[in-house]
Q: 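Supplied in structure tokens, the structure appears directly below.
None of the values given here were measured: they were computed from a predicted structure. Every chain is numbered from 1 and lettered A, B, ... according to where its sequence line falls, protein lines coming before strand lines.
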Amino acid sequence: MSTSASLTRAIALVDGNNFYVSCERVFNPGLEKSPLVILSNNDGCIVSRSQEARDLGIPMGLPFFKAKQLIQSHGLKWLSSNYTLYGDMSARMMNTLAQFSPDQEIYSIDECFLDLTGITSDSQLISYGLTIKERVQRDLGLPTCVGIGPSKTLAKLANHIAKKNKQFGGAFAWAALSQQEQIEWLKKVNVAEVWGVGRRLLEQLNTIGIKTVYDLQQANTDLIRRRFSIVLARTVAELNGVACLEMVDIKEPINKQQIISSKSFGEPIQALPLLREAVASYVCRAAEKLREQASVCHNVTVFVRTNPFAKHQPQYHNQISIPLSIGTADSRRLIHAACYGLERIYRSNYVYKKAGIILSDLHDAYHHQGDLFTKIDEEKSQQVMRTIDNLNLRYGANTLTLASTGIVVGNPHSWRMRANQKSQCFTTRWDEIALAKAC
DNA sequence: ATGCTCCTGCGAA
DNA sequence: CTAACGTTCGCAGGAGCAT
């Protein structure tokens, strides 16, 4: 029996301020105050910008070479991305944040939702948000902003407003505002900032006169449903305070439905043997993840492509899927399938820039079928793979690899990623801390 | 008509 | 020196096929 009307939900979205930049600055205070950017894989694009870098007009995703002149003229500093460091800092931040709610959903490396429903009253929400922010700053040295709303979409939007408007001190809650004030904010923010509205959708919304968040909030749900999709219709409901998107339970991690490993090459390659090595190493990485989640794979896709930006060069891209009648998590079998596929789509007269593999049609290894003979083989295979995984876990990635991924001792292959300016793994590797001191 | 699988587009970080 | 442009995931919905 319920005696009270159901509580309006209060969802917080905590998000790191330029997270990668902030992680680097924690361990290297010399990076404070100057414009700083962090680059994507292969040192290709800018994926994190300090405020100073934003002020120089550097947009998100800019190819790095287009910003290089700013190094001279404005003292722009840059670093390759150090995912080991960011991943570890993220785990620590999430631990701290978990203490503020029994219901946490880790949404990405630098943000999580916290369900605050019933923990605080409307009037306390802002101060609770500020407390969260201060605590992360104190424990980890990482700046964040907190947005709070009755739905995830409004929490996201609140976070955006907190980030862009310093006067709030880093925490913004819809519940703290009058209805009139809420409308004013919705009218002030571009619809492009709404969670789920990307480049294409923005274009279409603009053509029918929807420019601000308010316009979208007021839009007719049926029209949105017909003209666009159920997804955007849900977004409209969420903007009206009707929570449609539930918190995802992260304590029961859901196995992935597909595992992708693909990378651009440090230098383009043409020769099949080199492509084989690259593909084999990508398969190895993906197969590790496959075994981590205790799945087997029934389908391996391999794809290759030339550089689409090199307009003067002949272009080619192709992919092929190899079904496996008997599911497996054995790197060797998966490599075999991938290389078979590679040979089918390889054309010798092109210069390749990128290759990748997709493991799909994944199933729980425990339930997976097999006859008596395959089962014996399989036990052997699992022993070998477990041994390799354990060694690599204990002594570091790539301690033991398969020969097909290339013998690279002291002579890294040209196709391997560029990362010319990576910081040390301060939180996970003693040897690299020592190195930092020596420098 | 209805139900499937496969594939593509889109958005997110 | 030049040229140089990320990765991984899930979801929705249309196309194409089978029933």
Side-chain angles (χ1 to χ4, degrees), chain A residues 13-20 37-49 58-69 71 78 80-81 83 86-87 90 105-113 152-153 156 159-160 191-205 224-235 244-245 248 253-268 282 285-286 289-290 293 298-299 301 303 305-313 317 319-321 323 351 353-362 417-420:
Chain A
L13 189 268
V14 188
D15 190 323
N17 301 352
N18 39 57
F19 188 70
Y20 296 173
V37 294
I38 311 298
L39 308 184
S40 67
N41 277 347
N42 261 322
D43 294 342
C45 295
I46 290 167
V47 294
S48 182
R49 306 157 293 155
I58 298 172
M60 185 67 167
L62 185 75
F64 180 46
F65 70 87
K66 293 187 178 177
K68 268 201 170 166
Q69 55 172 109
I71 295 173
W78 64 277
S80 308
S81 42
Y83 290 110
Y86 312 148
S90 171
E105 175 187 340
I106 296 170
Y107 179 71
S108 75
I109 193 162
D110 75 329
E111 63 188 297
C112 77
F113 292 101
K152 284 179 161 185
T153 304
K156 276 257 185 193
N159 190 283
H160 171 80
V191 72
E193 307 301 338
V194 172
W195 191 29
V197 175
R199 199 167 48 86
R200 302 299 295 273
L201 221 38
L202 176 67
E203 237 172 72
Q204 297 178 58
L205 288 170
I224 295 293
R225 170 74 191 86
R226 282 197 311 275
R227 195 150 187 318
F228 297 94
S229 66
I230 185 72
V231 180
L232 194 62
R234 276 201 288 259
T235 298
C244 305
L245 308 174
V248 177
I254 302 158
N255 283 349
K256 291 188 186 78
Q257 298 165 21
Q258 55 173 13
I259 297 168
I260 301 178
S261 179
S262 82
K263 279 190 254 312
S264 301
F265 306 131
E267 285 170 25
Y282 300 166
R285 182 70 196 101
K289 291 190 190 172
L290 184 70
Q293 67 170 42
H298 285 260
N299 195 297
T301 301
F303 63 88
R305 71 169 315 130
T306 52
N307 183 356
F309 298 102
K311 297 243 161 47
H312 51 286
Q313 280 180 358
H317 61 94
Q319 70 176 57
I320 189 172
S321 289
V351 177
K353 179 63 179 168
K354 181 176 180 174
I357 62 96
I358 304 169
L359 306 183
S360 60
D361 202 352
L362 309 186
M417 261 191 342
R418 269 195 298 266
N420 288 338

Q: Return a single string for nucleotides 12-17 of chain C, one symbol per nucleotide in 5' to 3' order, where B is base contact, S is sugar-phosphate-only contact and - is none, cutoff 4.0 angstrom on heavy atoms.
A: SS----
Q: Over all strands shown, is A/Asp43 touching base, sugar-phosphate only, or nothing at heavy-atom distances under 4.0 angstrom?
A: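 Since no nucleic acid heavy atom lies under 4.0 Å of A/Asp43, the category is nothing.
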Q: Can you tell which of C/dA4, C/dG10, C/dT8 lies closest to the side chain of A/Phe65?
A: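 So the nucleotide nearest the side chain must be C/dA4.
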Q: Of the listed nucleotides (C/dC5, C/dT7, C/dC11), which one gets closest to any side-chain atom of A/Lys354?
A: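 Of the candidates, C/dT7 comes closest.
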Q: Distance only, no hydrogens: is a donor on one side chain within 3.5 Å (strictly under) of an acceptor on the other, for A/Asp43 and A/Ser80?
A: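 Result is yes, a qualifying pair exists.
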Q: It should be established whether A/Ser40 places a side-chain nitrogen or oxygen under 4.0 Å from OP1 or OP2 of nucleotide C/dC5.
A: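 A/Ser40 to C/dC5 OP1/OP2: no side-chain N or O under 4.0 Å.
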Q: Heavy atoms under 4.0 Å, any strand shown: does A/Lys256 hit a base, just sugar-phosphate, or nothing?
A: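 Sugar-phosphate, no base atom in range.
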Q: Reading DNA chain B in the 5' to 3' direction, which nucleotide is the first one with an atom under 4.0 Å from a heavy atom of chain A, and which is the last?
A: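 First-to-last contact on DNA chain B, by the 4.0 Å heavy-atom rule, is B/dC10 to B/dA13.
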Q: Taking atom P of C/dT8 as reference, at what distance in whole Å does atom CD1 of A/Ile254 sit?
A: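 Rounding to the nearest Å, CD1 of A/Ile254 and P of C/dT8 are 20 Å apart.
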Q: Categorize A/Lys66 for me: base, sugar-phosphate, or nothing, with a 4.0 angstrom heavy-atom threshold over every strand shown.
A: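 Result for A/Lys66 = base.
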Q: Calculate the interatomic distance between A/Leu245 atom CG and C/dC11 atom C1'; express it in whole Å.
A: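 A/Leu245 atom CG is separated from C/dC11 atom C1' by 12 Å.
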Q: Compare side-chain N and O positions of A/Ser262 against OP1 and OP2 of C/dT8 and report whether any pair is under 4.0 Å apart.
A: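 True: A/Ser262 side-chain N/O within range (under 4.0 Å) of C/dT8 OP1/OP2.
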